[in-house]
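What follows is one structure encoded as structure tokens, with my remarks underneath.
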Amino acid sequence: MSIVGHFINGELVQDQHKVQDVYNPATGKVSKQVALASKQTTEQAIAAAQAAYPQWRDTPPLKRARIMFRFKELLEQNSDKICALIGEEHGKISHDAAGELQRGIENVEFACGAPELLKGEHSKNAGPHIDSWSEMQPLGVVAGITPFNFPAMVPMWMFPLAIVCGNTFVLKPSERVPSSTLYIAQLLKEAGLPDGVMNVVNGDKEAVDTLLLDQRVKAVSFVGSTPIAEYIYTTASANGKRCQALGGAKNHAIVMPDADIDNAVNQLLGAAFGSSGERCMALSVVLAVGDKTADALVEKLQKAMAGLTVGACDKTSNDFGPVITAEHKQKVQGFISSAEADGASIVVDGRDPVVSGYQDGFFVGATLIDHVKTTMDSYKNEIFGPVLQVLRVKTMEEGMQLINDHEYGNGTCLFTRDGEAARYFSDNIEVGMVGINVPLPVPVAYHSFGGWKRSLFGDLHAYGPDGVRFYTKRKTITQRWPSSGVREGVSFSFPS
Ligand code: NAD
């Protein structure tokens, strides 16, 4: 059986320290294994990044950007292969994988603007014969730790920008989906990136803890679940590193009585069930304002859901694929059962779908639950599966209060035709990414991505302008070149 290894200093490296099975979630069978990097192997990657740093730091931003232009072309040329690797290990349908890859490529396109992004600020004549400017200098070796649900896109939220800013990188992807990320790193070499600038170690906690504790690593970007995000943030910060750690979510939509219900239903289907609900921006809760709105919504959703198909990644007519593991399938089924036991109504039950030819796959069908209460476990926790829950509220304000009281604050959406309500909502909702009639308000690459509350630990959001700030440190230089013959007198007062 093949073993997926690491990519260190421009070479594929094997490490038999520990291995873990990688599943094809559609068949439920082990398809390969992944090497889990030891402390020594992880340190080897850090050392390669450290060695490559001085020369890369001094490479002009324009030359760094040119490599990213070539990398973007290679990503496009090899998109079928990348999407197939994502499908085999994650299970997402090829059109969904292509969408994820495209959003990743957009981050590469943003990184191609490095010379413009790194221009800094300049003030001539800040004082007599004095000029002052701020530079954005790289940090050194930086690390990224990424989740299973976007094997191509989430790493590309991080390394393209970090690298064009002059840093060198060690990426620790999810051990459940190792192959596409490893392949993408090899394309960087083909694009002309010098060895050691980008390194990938597959691994588990041992690799992560090595990155968190090693003094050569100056910053850590993390995306994953909230308990691990909190651990990463506190450990990295305690070890003197800059850290941004993006966590889990529970994204609510409010549907107002004046909303176009048919449109809201279409939007909700994709946002709740796309990628099996395994998106941190998945809309998993609908707050319907008024029983009339709720009844109409539930009826139309139920009808529309009868046409959804769950299945394997290669059949493009499938709407979404399996969840990631057998354990995760059980967890999702458990949340549905607990909501039922707590008195909610299971309107559409996807606990045991029949997928012909794939009886051992980790499939959960689209599920709709009505009359959910805030005290239920299925409401309080992130389910991360194809489950949409409906809560009935009397007013928009009551719905907003529920959203603001929830521990997560990643994304949200208001469906309405009322501009005043939309403005009030976006002004006062305690959530980092807000949609108005846009169900998945994932910011474009030239804005930044991040939630509030326990959906993000740290000050700066991912990619876009905040990404540039995260991957650089500011240095401000004040320089005097007096004209010949001009001498300054002695002064003991503060310079003004
Ligand atoms: P996860 O937290 O289990 O794993 C994320 C990464 O952390 C992986 O690389 C994993 O190897 C590592 N890890 C896991 N346990 C660890 C431990 N004990 N110590 C150190 N490292 C550890 O997350 P996942 O299941 O891969 O991904 C799903 C989660 O990610 C969901 O909660 C989802 O909401 C979240 N997510 C958030 C965003 C966002 O932008 N906020 C985006 C995508 C996914």
Side-chain angles (χ1 to χ4, degrees), residues 18 20 22 25 34-37 39 42 89-90 92 100 103-104 107 143-158 170-178 181-182 200-213 220-236 243-251 275-284 323-325 327-329 331-332 362 381-385 406-412 431-433 440-443 448-458 460-464 466-467:
K18 277 189 281 180
Q20 181 173 309
V22 178
V34 58
L36 303 178
K39 182 169 186 281
T42 312
E89 294 174 359
H90 176 284
K92 67 176 73 172
E100 131 161 40
R103 291 302 293 257
N107 285 275
I145 301 156
T146 53
F148 79 83
N149 64 327
F150 286 105
M153 180 184 77
V154 170
M156 286 198 272
W157 286 359
M158 302 174 182
V170 181
L171 176 68
K172 207 301 285 170
S174 169
E175 61 276 34
R176 298 181 208 156
V177 288
T181 323
L182 197 70
V200 179
V201 286
N202 280 304
D204 58 6
K205 188 170 166 51
E206 182 173 346
V208 171
D209 285 346
T210 305
L211 292 169
L212 294 178
L213 300 179
V220 177
S221 296
F222 172 88
V223 176
S225 60
T226 285
I228 309 298
E230 191 165 28
Y231 166 72
I232 300 280
Y233 184 75
T234 50
T235 312
C243 185
Q244 53 180 184
L246 283 67
K250 191 83 178 174
N251 306 310
S275 207
S276 311
E278 289 177 326
R279 291 176 180 148
C280 66
M281 290 293 275
L283 269 183
S284 53
V323 297
I324 187 71
T325 57
E327 298 74 48
H328 192 56
K329 174 177 173 169
K331 192 173 152 194
V332 175
F362 311 141
N381 296 287
E382 180 182 44
I383 298 179
F384 224 53
H406 206 284
E407 68 167 314
Y408 296 120
N410 216 37
T412 188
V431 172
M433 292 171 283
L440 291 178
V442 178
S448 296
F449 181 109
W452 285 13
K453 298 184 279 184
R454 287 176 62 76
S455 291
L456 186 145
F457 301 86
L460 291 169
H461 289 195
Y463 67 76
D466 263 13

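Note that ligands are numbered from 1 as they come in the structure, with each ligand's atoms numbered from 1 the same way.
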How far is [atom] from its nearest protein heavy atom, and which residue and atom is that?
| atom | answer |
| --- | --- |
| atom 26 (O) of ligand 1 | Phe148 N, 3.0 Å |
| atom 40 (O) of ligand 1 | Phe449 CE2, 3.0 Å |
| atom 39 (C) of ligand 1 | Cys280 SG, 3.3 Å |
| atom 27 (O) of ligand 1 | Pro147 CB, 3.3 Å |
| atom 32 (O) of ligand 1 | Glu382 OE1, 2.6 Å |
| atom 8 (C) of ligand 1 | Thr146 O, 3.3 Å |
| atom 1 (P) of ligand 1 | Ser225 OG, 3.7 Å |
| atom 7 (O) of ligand 1 | Phe222 CE1, 3.3 Å |

Roughly how far apart are [X] [atom1] and [Y] [atom2], rounded to 0.5 Å?
| X | Y | atom1 | atom2 | value |
| --- | --- | --- | --- | --- |
| Ser174 | Ile324 | OG | CD1 | 7.0 Å |
| Ile232 | Leu211 | CD1 | CG | 9.0 Å |
| Met156 | Thr146 | CE | OG1 | 11.0 Å |

Enumerate the atoms of ligand 1 whose separation from the nearest heavy atom of [X] is less than 4.0 angstrom.
| X | result |
| --- | --- |
| Asn149 | 43 (C), 44 (C) |
| Trp157 | 40 (O) |
| Gly248 | 32 (O), 34 (O) |
| Ile145 | 6 (C), 7 (O), 9 (O) |

Flag, side chain of [X] to backbone of [Y], donor-acceptor distance under 3.5 Å:
| X | Y | result |
| --- | --- | --- |
| Lys92 | Asn149 | yes |
| Gln244 | Leu460 | yes |
| Tyr408 | Gly451 | no |
| Arg176 | Thr325 | no |
| Glu382 | Lys250 | no |
| Ser448 | Tyr463 | yes |

Taking distance alone, with no angle check, do [X] and ligand 1 share an N/O pair under 3.5 Å?
| X | value |
| --- | --- |
| Tyr231 | no |
| Ser455 | no |
| Gly247 | yes |
| Lys172 | yes |
| Val208 | no |
| Val154 | no |
| Thr226 | no |

Looking at every non-hydrogen atom in both residues, tell me the closest pair between [X] and [Y] and how far apart they are.
| X | Y | answer |
| --- | --- | --- |
| Gly224 | Phe222 | N-CE2, 3.2 Å |
| Leu246 | Ala229 | O-CB, 4.0 Å |
| Met158 | Gly144 | SD-CA, 3.7 Å |
| His461 | Leu456 | CD2-CD1, 3.9 Å |
| Pro443 | Met433 | CD-SD, 3.3 Å |

May I ask whether [X] has any heavy atom positioned less than 4.0 angstrom from an atom of ligand 1?
| X | value |
| --- | --- |
| Asp204 | no |
| Met281 | no |
| Tyr408 | no |
| Pro227 | no |

Exercise. Over 60° means perpendicular and under 30° means parallel, so classify the ring planes of Trp157 and Phe449, tilted if in between.
Key: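 Phe449 vs Trp157 ring planes: tilted.
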
Check: Which option, Ile228, Leu212, Thr325, owns the non-hydrogen atom nearest atom 14 (C) of ligand 1?
Finding: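 Selected option, by shortest heavy-atom distance: Ile228.
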
One residue to check: [X]. Relative to ligand 1, which of side chain, backbone, both or neither has a non-hydrogen atom less than 4.0 Å away?
| X | value |
| --- | --- |
| Pro173 | backbone |
| Glu175 | side chain |
| Arg176 | side chain |

*asked:* Is atom 4 (O) of ligand 1 near the protein, in the sense that some protein heavy atom lies at less than 4.0 Å from it?
replied: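 No, because not a single protein heavy atom sits under 4.0 Å from atom 4 (O) of ligand 1.
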
Can you confirm whether Lys453 is buried at NZ, in the sense that more than 12 heavy atoms of other residues, nucleotides or ligands lie under 6.0 Å from that atom?
yes

